[in-house]
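A short worksheet on the structure shown next.
Atoms considered below: every heavy atom in the structure, side chains included; atoms not considered: hydrogens, waters and symmetry mates. Every chain is numbered from 1 and lettered A, B, ... according to where its sequence line falls, protein lines coming before strand lines.
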Amino acid sequence: MSELRVRFAPSPTGYLHVGGARTALFNWLLARKQGGTFILRIEDTDVERSTKESVDAILQGMQWLGLEWDEGPFYQSDNFELYKEYVRKLLDEGKAYKCFCSADELERKRELAMKEGRKPKYDGTCRERADQPDAPHVVRFRAPQGGEVAFDDLIKGRIAFPAEELDDLVIQRTDGTPTYNFCVVIDDASMRITTVIRGDDHVNNTPRQIQLYQALGFPVPQFAHVPMILGADKARLSKRHGATSVIAYRDMGFLPEALLNYLVRLGWSHGDDEIFSLDEMIQKFDVNNVGRSASVFNTEKLLWLNAHYIKNCDTERLADLLLPHLSKRDVTTLGGPDLMLVVKSLQERAQTLEEMAERAVFYYNAPQGYDEVALAKFEKEHLLAVFAAVVERLSVCTATEPAAIDAIFKEICSENGWKMPQVGQPVRIALSGGTQAPGIGEIINVLGCDEAIRRLQNAVAFLSSK
RNA sequence: GUCCCCUUCGUCUAGCCUGGCCCAGGACACCGCCCUUUCACGGCGGCGACACCGGUUCAAAUCCGGUAGGGGACGCCA
């Protein structure tokens, strides 16, 4: 058992998006690899924006992906007393002070500074203030001045900030609630987090947090800042780029292992390897191989991976996963063809479960109409002759596998002097309604000869009525 | 504006630390051919990148300096 303790700390203000999922995955991978502990902590200090629904959505996303946490979920809202204690401590030690500046006033100063091209940091008005009126106030951290604050990021290398850049941040709001940067430090310290892996939008917060660790007398953990995920236009991934929620990918028919595999390769690599089982990921993952630059989310590659995992998925599990996508289309498998056979015939042809469900509909619902354009390529007499010949042979057919049925079609062809495409395509249309379907032998094998005959007769009736 | 970070094919990336094996390798996508009863799968091949400029060196994608572009942070949000 190693001492490694990592955490994933989302704020419950929305769903678990792919960026968060990747951060969680990297944390989880490292914990599993080193036999460490993976902790889930919900950062809900912003009571206004945090919702129970978001918490549930995040947990659901984590569970779907199989990213099990060892401790938690912990909620920062349960720790308010603890944070207050530390605020008092810093106040007593003179490491923090009360600030009576109003929010409006600060806002004005910020804008002015921006306009004049200065860094809009707090000007320290209340820093050395002698009087302590009994008035509304926030508490600010007295940031040490001079020198620089640096750290060795596991991904980005050494990063240093001049202390002058760091102003006195608010650690407690007027309403008495603590702020993010303060809570993270206390929680990470009290949970004995050894390695903080998080999005790289936190790089700028890190030096402030380090000062806080030092002021509080806590050991500073290691940091690993993961680059962001961008949309196709290289802008930060957001809703307008399409789906960003992990659960949306589930609903679109992606397998969790495919998303995981895609996510792990986004920003990380292991030589030329592309396909990783969970075990291989755990074994091969290393933060040192995480890239330093942002990466673009590419659905095409995700689809390719998904197709790969569908092809190699256990048929029974796939059938289970497919069920909800079928019922979404009002398809009942009861009394219809064996779902296992259906899935097998489609496994190599679908990139998502949605697509597979779409392609499976015809097995359960006989075609209501036919692809007339495709049908028009054949003479009516030819079609009737073909259907008649096939019906005749199928009615005495005892074949129980696709290859045997295909053999029968070869015989029909040679007996009548037809080429395979002249027979296969019409039959395919009669059975499925369209031209894009599994092989004839496969379809009939799944459907059963009786149902196939029924559909061929329907097609004959349809042609005759024209 | 200030600070921090980033920059190899359209995209994900290998190589960079420890210069030469790299006129830069793999994957997705795209194009072509083969297989084929449609659609797919699969096989083979093609297209395609070291941001730019300068320096160091016998030799630079790799080291150094600068420029440009992109992103992030600058909140009583997280």
Would you tabulate the nitrogen or oxygen pairs shorter than 3.5 Å linking the protein to nucleotides 41-47 of chain B?
residue: C41(B); atom: O3'; partner: K311(A); partner atom: NZ; Å: 3.1
residue: G42(B); atom: OP1; partner: K311(A); partner atom: NZ; Å: 3.2

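Side-chain N/O atoms of R236(A) include one lying less than 4.0 angstrom from OP1 or OP2 on A73(B). Between S269(A) and A14(B), a side-chain N or O to OP1/OP2 separation shorter than 4.0 Å is present. Note on K410(A): every side-chain N or O is 4.0 Å or more away from OP1 and OP2 of U37(B). In this model, the phosphate group of G70(B) is not approached by any side-chain N or O of S293(A) to a distance below 4.0 Å at OP1 or OP2. Between T177(A) and C76(B) there is no side-chain N or O to OP1 or OP2 distance below 4.0 Å. Checking the phosphate oxygens (OP1, OP2) of U13(B), no side-chain nitrogen or oxygen of R265(A) falls inside 4.0 Å.
Checking A78(B), C3(B), A27(B) against the side-chain heavy atoms of E274(A) singles out A27(B) as nearest.
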Walk me through it: do E355(A) and R349(A) pass the test salt bridge (charged side-chain N to carboxylate O under 4.0 Å, His left out)? CA-CA 9 Å; E355(A) 187 187 343; R349(A) 304 178 148 80; over 6 Å; no

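Side-chain N/O atoms of D201(A) and base N/O atoms of A78(B) include no donor-acceptor pair closer than 3.5 Å. Between the base of C76(B) and the side chain of T174(A) there is a donor-acceptor pair shorter than 3.5 Å. Under 3.5 Å, the side chain of D200(A) and the base of G72(B) form no donor-acceptor pair of N or O atoms.
Side chains of S77(A) and D44(A): a donor on one and an acceptor on the other come within 3.5 Å. Side-chain atoms of D187(A) and Q76(A) form a donor-acceptor pair, as typed in the model, at a separation below 3.5 Å.
For C22(B), the glycosidic angle deviates from 0 by more than 90°, giving an anti base.
Across the protein-nucleic acid pair, N181(A) atom CG and C76(B) atom P stand 11 Å apart, rounded to whole Å. In this structure, L166(A) atom CG and U2(B) atom P are separated by 18 Å, rounded to whole Å. Distance, Q425(A) CD to U36(B) C1': 12 Å, rounded to whole Å. Look at NZ on K156(A): it is 5 Å from C1' on C5(B), rounded to the nearest Å.
Just one residue in the list N306(A), L303(A), L302(A) forms a side-chain contact (heavy atoms from CB on, under 4.5 Å) with Y262(A), and that residue is L302(A). Tested against N27(A) for a side-chain contact (heavy atoms from CB on, under 4.5 Å), the candidates V6(A), T195(A), L40(A), I39(A) yield a single pass: V6(A).
Two rings, from F141(A) and Y97(A), have their centers 6.0 Å or more apart.
No cation-pi contact links R198(A) to F223(A), judged by a cut-off of 6.0 Å to the six-membered ring centre and 45° from its axis.
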